[in-house]
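A short write-up of the structure that comes next.
Each chain gets a letter, A, B and so on, in the order its sequence line appears, and its residues count up from 1.
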Number of protein chains: 2
Amino acid sequence: MARRRQAVTIRHVAADAGVSLQTVSRVINKEPSVRPEMLARVKASIERLGYVPSIAAQRMAGSRSYLIVALNDRERTIAGWRDRQGTDWVDQMLLGGLLTCAEHGYRMIVELVDTHSDHIERELRAAIAAIRPDGVILTPPHSENTLITCLLEEHRIAFARIGSRIAGPGFAVAMDEAGAARLATEHLIALGHRCIGFIAGPDDYELSGWRTEGWLAAMADAGLPTDDLLAVGDFGFASGRAAAAALLDGAVPPTAIIACSDQMTLATLELARERGFDVPGDLSILSFDDTPIVRFVAPPLTAIVQPIAELTACAVKRVIGDPAPEAAEPIIVPATLTIRASTAAPRSLA
Amino acid sequence: MARRRQAVTIRHVAADAGVSLQTVSRVINKEPSVRPEMLARVKASIERLGYVPSIAAQRMAGSRSYLIVALNDRERTIAGWRDRQGTDWVDQMLLGGLLTCAEHGYRMIVELVDTHSDHIERELRAAIAAIRPDGVILTPPHSENTLITCLLEEHRIAFARIGSRIAGPGFAVAMDEAGAARLATEHLIALGHRCIGFIAGPDDYELSGWRTEGWLAAMADAGLPTDDLLAVGDFGFASGRAAAAALLDGAVPPTAIIACSDQMTLATLELARERGFDVPGDLSILSFDDTPIVRFVAPPLTAIVQPIAELTACAVKRVIGDPAPEAAEPIIVPATLTIRASTAAPRSLA
DNA sequence: CTGAAAGCGCTAACAC
DNA sequence: GTGTTAGCGCTTTCAG
């Protein structure tokens, strides 16, 4: 292999501009203590020579590495890619993470590590030692893995925990679950619905509670009753079917149903079909997951979309901005709603 | 920020093992000239101390950077992510690229650059200067951009061109288009079809010709005629509809149709439906793109799936293995077929 | 405000 | 075979 050396180094720039290396370094690092005149001269040389500092050299000299590691669960990530079910979690992460990194002159490296493995610590230590990243973005289920967070803290590496609300080391960045439920509910209310059923997720997920609260609050704000309008599932299809049946057979049959997962929503759709309901004519349906299947089913489902890209963008900004992983308020990012064909005004209003 | 220094360096290992730095370095780099005894001693120290070399330092000292850059088109990639249509191109690339890199102790960095922009050269130069990658993986449409390939060659950086067959600098790695068409055709033949229509892509795409050849060859091998069984589209929906109509209204109405894009296949499906054909009972349909919509439509479509992950894996292996970007034979990777519900034996056989 | 010196962790090139 | 020397490109001291 050719002995690859940097084509144009800080030395060339210094010579070209007739200043010391140090001055060039100061310009690169945007230090304030440089006379405007020098600054201009150096900048001109950098531009002319097309100089770009080597991140390896910068790291070596004790500065930043300009590298951010995104730590994903190996098994889940690979399984998702192999299934090709279009779970675009990683894509959205890249969208938010990569672009934000690029904006700030950073690069992002995706690392896959086993959660359950005993050598997770070894893997992480190795990655840190090899890459020496300035920051790490943790994704579920790593976000609340204390083994990881402790290690990162010990190494004094800034990190963000996506999808976590637990205060603690690192920045917690999560979606506004309650707000999302409220958004969904208000969309339906605006359409004219008054009986809006809600199929919540299982109680052992903290977010289930937050979502239910959002629905309750939105209903209350609109002066609408919620009695007999709440059912609970486990995110799976079967439980969704049962919950939908309970709602539809209940004392106050809803004209719209919000379900907290794509599977439960699909189950609701299936049941509605079997009963001869027109969707959205007789029943509006809204999903809390915006997976591809939800987009290609007939009718395409209105759905809450999780702002993974924004979460990651926030995470990167925090991690870059403040290298000291001080405990901070969790950052809550609002969800958005993608309106498709499964929600409409109830027939009674049409 | 804390002055972050490597926790355990080559020096610690050397001291611990009672050898010189160089010996440790030799062990790290798997150089043969180390006595087994020393080797064992050093390895033990490395293991005990949990030492992992810093890639920054390795690069600085003139060795490899253990970094591979995957160069993707900015606009397309971002558009794909934003659309959330589940084009899992990047995912599959990551699947193949990331894992292969990891196996060999490399990391992959995804870089987005504008194809059309004038500053593509500036962007690429900057990335190279900053990262100093050992290799670059080019994806369409960069794969045949001579500006890029020349720059890479000039910097003597190994690179692979995915989806390209043009010989030249770098390694060309592409799917076996003809083989894919043959695979599709043979699947249908095995099912009992004798009249198999083919909707080709536009002539200005080289791969259109290859695919058509594959179909022709498979038909010929089976002793089946192909007259009046070939139609041409432009990959779009409307052209697919017209092509399908021509086939169905032709002299020898096919019992199965292969279309060279998901849109043309969907158009064929729509037309078949309108004519009261049962799919696959009256007409089997096979797509050449395995996009999500193809998987969620009813019936789910049998489709050729492009081996992006494997292509990328091959590309990485080549680039890592042979740093000298000598011209080499293009590497052709076979496609696979995912059988779903849109293909079956023709009714006449049922 | 600017420059000179030292060194980050590692490997290339030589010596031994 | 193994150890020694000299940097890689940059930023940190610390002087001027």
Check the distance between dC8(C)'s P and Ile10(A)'s CD1 and give it to me in whole angstrom.
19 Å
Can Ser164(A) and Glu144(A) be counted as having a side-chain donor-acceptor contact under 3.5 angstrom?
yes
Below 4.0 Å: OP1/OP2 of dC10(D) and any side-chain N or O of Tyr51(A):
yes
Nucleotide dT11(C), atom C1' - distance to NZ of Lys30(B) in whole Å:
16 Å
Report, one line per pair, each donor and acceptor closer than 3.5 Å where one atom sits in a side chain of residues 27-36 of chain B; sequence neighbours left out.
| from | atom 1 | to | atom 2 | distance (Å) |
| --- | --- | --- | --- | --- |
| Asn29(B) | ND2 | Ser25(B) | O | 2.8 |
| Asn29(B) | ND2 | Ser25(B) | OG | 3.4 |

More than 12 heavy atoms of other groups within 6.0 Å of Arg48(A) CZ
yes
Whole-Å distance, Met60(A) CE to dG7(D) P, equals 16 Å
What's the CD1-C1' distance between Ile131(B) and dG9(D), to the nearest Å?
16 Å
Let me know, please, whether Ala57(B) or Leu39(B) comes out on the 5' side of the other along DNA chain D by nearest nucleotide.
Leu39(B)
Output the rounded distance in Å from CD1 (Ile55(B)) to P (dC10(C)).
12 Å
Examine distances only and state if a side-chain atom of Arg161(A) and a backbone atom of Pro169(A) form a donor-acceptor pair shorter than 3.5 Å.
yes
How many Å lie between CZ on Arg64(B) and P on dG9(C), as a whole number?
23 Å
Any donor-acceptor pair under 3.5 Å linking the side chain of Thr77(A) with the backbone of Asn72(A)?
no
Take atom CD of Gln58(A) and atom P of dC8(D), then tell me their distance rounded to the nearest Å.
17 Å
For Tyr66(B), is there any backbone N or O sitting under 3.5 Å from a side-chain donor or acceptor partner on Asp134(B)?
yes
Tyr66(B) atom OH is separated from dG9(C) atom C1', nearest whole Å, by 14 Å
dT11(C) versus dA15(C) - spacing of their C1' atoms, nearest Å
16 Å
For dT11(C), does OP1 or OP2 lie under 4.0 Å from any side-chain N or O of Ser25(B)?
yes
Under the salt bridge (charged side-chain N to carboxylate O under 4.0 Å, His left out) test, residues paired with Glu154(B) that sit two or more places apart:
Arg125(B)
Restricting to pairs with a member in residues 106-115 of chain B, which pass side chain to side chain donor-acceptor pair (under 3.5 Å), not counting sequence neighbours?
Arg107(A)-Glu111(B), Glu111(A)-Arg107(B), Arg64(B)-Tyr106(B), Asp73(B)-Thr115(B), Arg74(B)-Asp114(B)
Run through DNA chain C and report every stem of 3 or more consecutive Watson-Crick or G-U pairs, distances under 3.5 Å, ordered by first number.
C:1-11 with D:6-16, C:13-16 with D:1-4
Tell me which pairs pass ring-ring contact (aromatic ring centres under 6.0 Å, His included) where either residue lies in residues 119-149 of chain B, with sequence neighbours left out.
none
Atom pairs under 3.5 Å: protein N/O with N/O of nucleotides 1-5 of chain C:
| from | atom 1 | to | atom 2 | distance (Å) |
| --- | --- | --- | --- | --- |
| dT2(C) | OP1 | Arg35(A) | NE | 2.7 |
| dT2(C) | OP1 | Arg35(A) | NH2 | 3.0 |
| dT2(C) | OP2 | Arg35(A) | N | 2.7 |
| dT2(C) | O4 | Arg26(A) | NH2 | 3.3 |
| dG3(C) | OP2 | Ser20(A) | N | 3.3 |
| dG3(C) | OP2 | Ser20(A) | OG | 2.9 |
| dG3(C) | OP2 | Thr23(A) | OG1 | 2.5 |
| dG3(C) | N7 | Arg26(A) | NH1 | 3.3 |
| dG3(C) | O6 | Arg26(A) | NH2 | 2.6 |

